[in-house]
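Below is one structure, written out as structure tokens; comments come after it.
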Amino acid sequence: MTWGLEQVKVTYRSVRALDGVDIPVEAGRVTVLVGGDGAGKSTAAKTLVGLVEPVSGRVRRPEKRQVGYQSEHSGVWFDLTVWENLRFVAQAYGIPQPDSRIDHLIEVTGLGSARHRLAGRLSGGMRQKLGVAMALLPQPRLLVLDEPTTGLDPVSRTDLWMLVAGAAAEGTAVLLTTTYTDEAERGSVVVALDQGRVLAAGTVEDLVSRVPGRIVQTDRPDALAYRWRRGSRWRGWLPDGHPPPEASVVPPDLADVLIVAALLRRADASAA
Amino acid sequence: MWALVAKEFRQMRRDRRTLAMMILMPLVMLVVFGYAASFDVTTIRTGVFGPRAEQATALVDEPFVVDEVDPTVVEDDARLRLRDGRLDVALVTSDDGAKALVDGSRLFKAQAALRGFTAARAALPALEVEVLFNPDLDTSVVLVPGLAGLILIFVGTLLTSLGVVRERQAGTLEQLAVMPFRGRDVFFGKIAPYLLVATLDLAVVLAAGILLFDVPFNGSPATLALGAALFLFVTLGVGVLISSVSENQGQAIQLALMTVLPQVLLSGIIFPLDSMAPGVRWLGYLLPLTYFNQIAQGVMVRGAPLSTLLTPTSVLAAMGVAVFGLAVLRFARELAPARIEENTT
């Protein structure tokens with residue numbers, strides 16, 4: 001089953017937040033929505049779960065009972081304990097005898113030692129994991145997580161991804177938003193948003209193979225028209241022609257794909 | 001340091017609501033409360049009854065104002081008129097003297113009436129005076145019913161608005177909107193605990209008033225419960241409305257205080273409504289506590305039945321329907337998908 005947005009337009013106070021975007025979210029896969037601040041990721045997530053109504057387009061989502069959602073604020077009740085938060089969600093979704101599932105989620109999220117701790121006293125990572133566990137609790141057909149890994153340490157991010165991947169493996173359609181391109185590479189499908197439009201969409205392999213021209217790496221950026229810093233060195237995009245002698249051609253990664261796509265869009269916009 | 005001062009002024013200018021509170025509110029409050037703050041009694045509604053009512057009427061002087069003269073009314077009927085709040089003082093004449101009944105629940109009027117009787121002692125040597133409902137003219141007897149209302153406002157308005165704003169600030173209201181709840185489930189689920197706590201508070205405050213301050217409870221608990229329930233719906237509704245226009249808890253507290261303070265001073269709990277300048281008195285009639293105070297004081301102190309409290313009860317019911325209805329609508333809109341403008345670019 002595929003949920004998602006089809007040709008969806010959303011406007012906030014005459015600003016177009018989403019401009020005819022297609023974001024399919026397939027069952028059994030993790031679709032990552034990547035983009036910078038203001039790209040429209042949260043609007044897309046909110047539109048998908050029904051918090052925002054689009055001006056036009058089609059939204060496909062299961063009934064409320066089958067949607068799990070974690071807002072960008074983690075979505076946990078600070079003055080409830082870990083167990084109470086999960087118990088409340090279980091009651092809200094009418095889950096019969098939820099204790100074993102709650103125990104399981106507490107265990108896999110590593111929150112066992114904080115079971116009776118107030119959510120407001122958890123570390124940022126633990127709180128995000130609790131938020132994901134709450135979204136996963138009703139075993140939703142559609143799981144929407146809005147920037148669940150922002151501000152998390154690498155270990156917590158890995159733990160959280162294991163949870164998300166586990167849900168997808170059980171058949172859940174997952175949409176996860178992030179600003180990190182390295183994280184987006186973990187998704188089955190990546191949709192890059194920029195200023196409310198889809199910049200690029202597909203599997204990472206697809207996107208990488210479709211980059212026009214070549215990506216090069218060099219210590220001398222002056223010879224490159226399109227360049228960006230990567231660590232201590234520079235990377236550049238050559239739409240055509242041969243690379244300068246001191247630059248070496250490197251295989252592109254997702255960050256390169258998105259930069260090139262943004263450059264191409266900018267070029268199109270100036271041409272128009 | 002100047003950079004800090006400049007920054008602070010810049011922030012102050014941007015926070016329009018606080019700025020308005022800092023500059024306009026003290027001015028408004030001074031003017032309004034200046035005119036409201038009066039204990040002067042200008043009129044005491046007086047009824048003159050008994051066989052010599054016509055002659056006695058001639059002796060009645062300011063601040064007593066004769067509202068009713070009826071030689072056929074006997075003392076028991078006169079007492080009922082005071083219980084029902086129709087008169088402040090009843091002068092019941094007989095062939096061998098007169099008896100003045102004074103409504104002790106209207107403290108300042110009662111005190112003024114007693115002063116008036118003392119001054120008229122020479123003209124009316126046989127005048128017997130009886131203060132009803134609050135014979136010792138205790139302030140606490142008059143204040144406790146109104147204070148119970150104030151406590152209900154505190155829980156109903158302030159705590160409810162904070163509870164809803166906190167939910168929105170934490171982003172969990174959004175979470176509730178996505179969960180399989182209906183809008184009204186979230187609304188009633190959110191405010192029911194405050195309703196219960198406020199009810200419990202009311203019971204505790206009234207019990208404490210009765211036990212500690214000897215406040216009488218002469219009327220029907222059911223009538224008071226009805227008035228309290230209607231009043232609570234209004235205050236909870238105001239709390240939800242405040243939350244819907246407040247971005248954070250600080251703003252909610254500011255607004256809640258702006259609704260509490262006028263009720264403290266203009267509802268007749270401290271300053272009698274009759275003593276206020278007409279220009280501010282009408283403000284008192286817009287406040288729910290004014291009507292709850294009339295009901296609570298009427299039931300507890302005077303033992304007034306519901307039939308004589310229909311006006312404040314009806315006004316509170318109308319306020320409850322309007323305010324609570326508006327609160328439900330605003331809350332439902334908040335949980336509904338965000339409104340989108342149609343003017344696409």
Side-chain angles (χ1 to χ4, degrees), chain A residues 8-20 42-43 45-56 59 61-80 85 88-95 119-120 127 131 134-135 137-138 140 142 144 146 196, chain B residues 14 155 158-194 196-197 239 243-253 329-345:
Chain A
V8 162
K9 290 184 180 178
V10 170
T11 309
Y12 282 126
R13 296 186 183 90
S14 76
V15 173
R16 178 63 55 80
L18 292 178
D19 194 3
S42 287
T43 303
K46 285 178 182 173
T47 307
L48 184 55
V49 297
L51 285 170
V52 167
E53 200 173 316
V55 173
S56 64
V59 181
R61 62 171 168 266
E63 59 163 324
K64 269 187 160 187
R65 206 165 282 280
Q66 295 176 335
V67 176
Y69 172 65
Q70 183 196 19
S71 75
E72 57 198 314
H73 309 284
S74 84
V76 306
W77 281 268
F78 279 31
D79 36 13
L80 295 183
N85 265 289
F88 169 63
V89 174
Q91 286 172 331
Y93 282 83
I95 300 168
R127 205 177 294 146
M134 285 160 66
L137 185 62
L142 173 64
V144 179
D146 196 0
Chain B
R14 301 247 157 81
V155 176
L158 187 58
L159 297 189
T160 306
S161 63
L162 284 180
V164 178
V165 170
R166 197 185 310 133
E167 193 94 62
R168 189 186 314 115
Q169 255 186 302
T172 43
L173 200 56
E174 206 173 80
Q175 204 72 36
L176 292 175
V178 175
M179 288 176 159
F181 289 121
R182 286 169 301 185
R184 63 170 181 271
D185 292 339
V186 177
F187 181 82
F188 288 107
K190 188 76 204 159
I191 68 161
Y194 295 101
L196 283 175
V197 169
S243 75
S244 71
V245 294
S246 303
E247 287 168 16
N248 52 54
Q249 297 188 47
Q251 286 187 354
I253 291 172
L329 284 178
R330 290 213 51 136
F331 196 82
R333 206 165 70 177
E334 192 161 5
L335 290 181
R339 286 195 154 205
I340 304 302
E341 289 178 10
E342 297 298 327
N343 56 331
T344 56
T345 50

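Every chain is numbered from 1, with letters handed out A, B, ... down the list of sequences. If you're wondering where the values come from, they're calculated on a predicted model, not measured in any experiment.
Considering only residues two or more places apart in sequence or on other chains, Tyr93(A) meets the ring-ring contact (aromatic ring centres under 6.0 Å, His included) condition with none of them. Listed by chain and number, the residues in a ring-ring contact (aromatic ring centres under 6.0 Å, His included) with Phe78(A) amount to none (sequence neighbours excluded).
Residue contact with chain B, scored on non-hydrogen atoms closer than 4.5 Å, is absent for Gln66(A). At a 4.5 Å heavy-atom cutoff, the contact between Val76(A) and chain B is made by backbone atoms alone.
Residues Gln175(B) and Val89(A) form no side-chain contact, since every pair of their non-hydrogen atoms from C-beta on lies 4.5 Å or further apart. A 4.5 Å side-chain heavy-atom check between Phe181(B) and Lys64(A) finds every atom pair outside the cut-off. Annotation: side chain of Met179(B) is not in contact with side chain of Tyr69(A) (no heavy-atom distance under 4.5 Å).
When all heavy atoms are compared, the tightest approach of Ala177(B) to Leu51(A) is CB-CD2, 3.6 Å. Considering all non-hydrogen atoms of both residues, Ala92(A) and Pro180(B) come closest at O-CG, 3.5 Å.
Between chain B and the residues Ser71(A), Ser74(A), Gly131(A), the most heavy-atom pairs under 4.5 angstrom are made by Ser71(A). Counting heavy-atom pairs closer than 4.5 Å to chain B, the top-ranked of the candidates Met134(A), Arg65(A), Gln70(A) is Arg65(A).
For the atom pair CH2 (Trp77(A)) and CD (Glu167(B)), the distance works out to 6.0 Å, reported to the nearest 0.5 Å. One finds the CD atom of Gln169(B) at 10.0 Å from the NE2 atom of His73(A) (value rounded to the nearest 0.5 Å). How far CG of Leu176(B) is from CZ of Phe88(A): 5.0 Å, rounded to the nearest 0.5 Å.
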